[in-house]
Participant: 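There's a structure below that I have some questions on.
Every number for a ligand or one of its atoms is a count from 1 in the order of the listing.
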Amino acid sequence: YGAGGGYGAQQGYSEERSSARRVADHYSARSNQTLEERENSPIIHLKKLNNWIKSVLIQLYARPGDCVLDLACGKGGDLIKWDKAKVGYYVGVDIAEGSIKDCMTRYNGDTDQQRRKKFSFPARLICTDCYEARLDEYLYEDAPFDICSCQFALHYSWSTEARARQALANVSALLRPGGIFIGTMPDANVIIKRLRESEGLEFGNSVYWINFSEEYAEKKFPASRPFGIKYKFHLEDAVDCPEWVVPFHLFKLLAEEYDLELVLMKNFHEFVHEYLQKPEFTELMRRLGALGDGRHDQSTLSQDEWEVSYLYLAFVLRKRGQPPSQ
Ligand code: SAM
């Protein structure tokens, strides 16, 4: 458990444990929505945009036959994306028991119609804390993986340095040389900028709010204490729990210590502008319907949802070393 040290004081272990439990309980309690509930969600177009971004990342970096490790896989919302990429094997890990159960149901097919069309790859699902457990002990028979994905979840590891390190140690230990790590997480630069622009310690719009505690009244974040910078995040119909700021330049440096080199980092707005120009991804956007008829004119995504997407970034890292020859 836990490794490293050197960036200053850490939160107490039990406080840390209960924060992780709060996050797990929050996600565990979120029940599966019906199709109608989903379509009526105030952030339906944001969810579609997020799915588009994850699909683009998967299409860009996954190869047929790949072994996939999906850290914080949730309810398995990306299973279909991996199936489309024709991957060969899938391991999903999540801390929330309820989400792992839903993921299993989704994989096995929860209706007669779905049961007839099974996923084309075998899968294994594990319920554990990805940022505390040594995953190589669970997965020594499944490793090495060609690609690891951690979507909208890596920031839950930045509550302490030990957890942030364990997250990266797990990815590094399980990826093959030349293997790829893709992910999405909040963009700390945008969050801190918004905080500094706001009057108090809270900001947001009709679909989200972020609240920092009085501890950050001066809105200063010393470089000597980059872990455990907690805020409360509420997103309508999606999230309501503590999260932690991930200063990206430090994430990059820490990842390098684990032989993970940065390939790409883009705020979601930049990501959309760049990849929406590519015909295959324009077509995918049209099918998903996040941005109306596929043009980036926000004709269906509301301004408030578009503002939320600015709070996130996508990243790609590569494990150092040469891939084994075929
Ligand atoms: N990756 C999924 C997706 O994109 O649909 C789920 C994203 S959801 C916003 C965040 C997920 O992170 C939840 O399923 C939650 O249970 C999981 N999570 C949070 N902390 C975790 C931890 N310490 N270990 C494993 N999973 C964790």
Side-chain angles (χ1 to χ4, degrees), residues 1-2 11 13 16-33 38 41 43 46-58 68-82 90-104 106-107 125-135 138-139 147-160 162-171 174 181-186 208 227-228 230 233-244 246 268 288 308-309 311-315:
Y1 290 111
Q11 271 176 276
Y13 180 68
E16 169 42 37
R17 256 266 156 92
S18 71
S19 286
R21 199 62 251 160
R22 259 196 78 191
V23 172
D25 289 346
H26 164 71
Y27 283 106
S28 240
R30 282 199 57 80
S31 57
N32 264 339
Q33 290 184 312
R38 189 181 137 79
S41 165
I43 56 157
L46 178 65
K47 288 181 181 175
K48 290 178 177 177
L49 184 73
N50 290 345
N51 273 321
W52 178 83
I53 289 170
K54 292 192 287 181
S55 296
V56 171
L57 281 174
I58 289 173
V68 179
L69 174 63
D70 192 356
L71 293 183
C73 61
K75 298 168 188 292
D78 295 342
L79 282 169
I80 293 177
K81 301 177 188 71
W82 293 112
Y90 173 94
V91 174
V93 189
D94 200 285
I95 193 173
E97 303 83 357
S99 301
I100 284 291
K101 276 191 194 145
D102 288 346
C103 188
M104 203 171 286
R106 185 170 282 176
Y107 177 77
L125 299 174
I126 296 170
C127 188
T128 193
D129 185 333
C130 299
Y131 312 138
E132 186 178 309
R134 278 196 55 169
L135 290 184
Y138 287 80
L139 294 170
I147 184 161
C148 173
S149 170
C150 186
Q151 303 298 338
F152 298 102
L154 200 58
H155 49 299
Y156 295 118
S157 75
W158 272 62
S159 53
T160 66
R163 287 171 70 76
R165 283 184 178 275
Q166 190 59 57
L168 291 166
N170 280 335
V171 175
L174 292 165
F181 179 29
I182 56 175
T184 45
M185 67 179 166
Y208 88 99
F227 301 93
K230 184 157 80 174
F233 181 55
H234 175 89
L235 178 62
E236 282 299 301
D237 192 38
V239 188
D240 193 42
C241 64
E243 300 199 344
W244 289 268
V246 184
F268 273 14
L288 286 174
V308 176
S309 75
L311 301 174
Y312 289 89
L313 58 79
F315 65 83

Participant: Output yes when the distance from some N or O of ligand 1 to some N or O of Val23 is under 3.5 Å, and no in every other case.
Facilitator: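 By distance alone, the answer is no.
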
Participant: Short list, please: which atoms of ligand 1 are under 4.0 Å from a heavy atom of Ala153?
Facilitator: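 Within the 4.0 Å cut-off of Ala153, ligand 1 contributes 12 (O).
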
Participant: Going by heavy atoms, is Glu132 under 4.0 Å from ligand 1?
Facilitator: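 Glu132: no contact with ligand 1 (<4.0 Å).
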
Participant: Write down the atom of Cys103, the atom of Cys73, and the distance for their closest heavy-atom approach.
Facilitator: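 It is SG-SG, 4.3 Å.
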
Participant: Can you tell me if Ala24 contacts ligand 1 (heavy atom of the residue under 4.0 Å from the ligand)?
Facilitator: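 In this structure, Ala24 fails to qualify as a contact of ligand 1 - no heavy atom is under 4.0 Å.
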
Participant: Are any of the side-chain heavy atoms of Ile95 and Tyr27 separated by less than 4.5 Å?
Facilitator: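 Answer no - side chains too far apart.
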
Participant: Counting heavy atoms only, which of Val239, Asp102, Ile95, Asn50 comes nearest to atom 26 (N) of ligand 1?
Facilitator: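 Among Val239, Asp102, Ile95, Asn50, the closest heavy atom to atom 26 (N) of ligand 1 belongs to Ile95.
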
Participant: In Å and rounded to the nearest 0.5 Å, what is the CG to CG distance from Asp129 to Leu135?
Facilitator: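 Between atom CG of Asp129 and atom CG of Leu135 there are 9.0 Å.
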
Participant: Starting at CZ of Phe181, measure out to CG of Asn170 and round the result to the nearest 0.5 Å.
Facilitator: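 That separation rounds to 10.0 Å.
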
Participant: Heavy atom to atom 20 (N) of ligand 1, shortest distance: which of Tyr27, Phe152, Tyr156 holds it?
Facilitator: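 The option holding the nearest heavy atom is Tyr156.
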
Participant: Please confirm whether Cys130 comes within less than 3.5 Å of ligand 1 when only nitrogen or oxygen atoms on both sides are compared.
Facilitator: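 Indeed, backbone or side chain, Cys130 has an N or O that close.
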
Participant: Do Ile58 and Ser149 have side chains that approach each other closer than 4.5 Å (heavy atoms only, starting at C-beta)?
Facilitator: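 Not touching, per the 4.5 Å side-chain cut-off.
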
Participant: Looking only at protein heavy atoms, identify the closest one to atom 7 (C) of ligand 1 and say how far it is in Å.
Facilitator: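 Nearest neighbour among protein heavy atoms for atom 7 (C) of ligand 1, to 0.1 Å: Gln151 O, 3.5 Å.
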
Participant: Do you see a donor-acceptor pair shorter than 3.5 Å between the side chains of Asp94 and Ser99?
Facilitator: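 On atom types as modelled, these side chains do not qualify, holding no pair under 3.5 Å.
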
Participant: Check each atom of ligand 1 against the heavy atoms of Arg163 and keep those under 4.0 Å away; list them by number with element.
Facilitator: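 That gives atoms 23 (N) of ligand 1.
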
Participant: A quick test of your reading: do over 12 heavy atoms of other residues, nucleotides or ligands sit less than 6.0 Å from NZ of Lys101?
Facilitator: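 12 or below, so no.
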
Participant: Taking heavy atoms and a distance under 4.0 Å, where does Thr128 meet ligand 1: side chain, backbone, both or neither?
Facilitator: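 It is the backbone that gets close, since no side chain atom is under 4.0 Å.
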
Participant: Among Gly77, Ala72, Ser28, which one puts a heavy atom closest to atom 2 (C) of ligand 1?
Facilitator: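 Closest candidate by heavy-atom distance is Ala72.
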
Participant: Name the closest protein heavy atom to atom 16 (O) of ligand 1, giving the residue it belongs to and the distance to 0.1 Å.
Facilitator: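 Checking every protein heavy atom, the shortest distance to atom 16 (O) of ligand 1 gives Asp94 OD1, 2.6 Å.
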
Participant: Between Glu97 and Arg21, does any side-chain N to carboxylate O distance fall below 4.0 Å?
Facilitator: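 Salt bridge between Glu97 and Arg21, a charged N being under 4.0 Å from a carboxylate O: yes.
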
Participant: Between Tyr156 and Glu243, what is the shortest heavy-atom contact and its length?
Facilitator: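 Here Tyr156 and Glu243 meet closest at OH-OE2, 3.0 Å.
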
Participant: Checking Tyr208 against Glu236: is there a side-chain donor and acceptor pair closer than 3.5 Å?
Facilitator: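 No donor-acceptor contact under 3.5 Å links the two side chains.
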
Participant: With nothing but distance in play, are any N or O atoms of Asp129 less than 3.5 Å from an N or O of ligand 1?
Facilitator: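 N/O-N/O distance under 3.5 Å: yes.
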
Participant: Check Cys73 against ligand 1 and report side chain, backbone, both or neither, counting heavy atoms closer than 4.0 Å.
Facilitator: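 The answer is the backbone of Cys73.
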
Participant: Is there at least one pair of N or O atoms, one from Ser99 and one from ligand 1, spaced under 3.5 Å apart?
Facilitator: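 Ser99 vs ligand 1: no N/O contact under 3.5 Å.
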
Participant: Taking a cutoff of less than 4.0 Å between a non-hydrogen atom of the residue and any ligand atom, is Lys54 in contact with ligand 1?
Facilitator: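 Yes, Lys54 has heavy atoms under 4.0 Å from ligand 1.
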
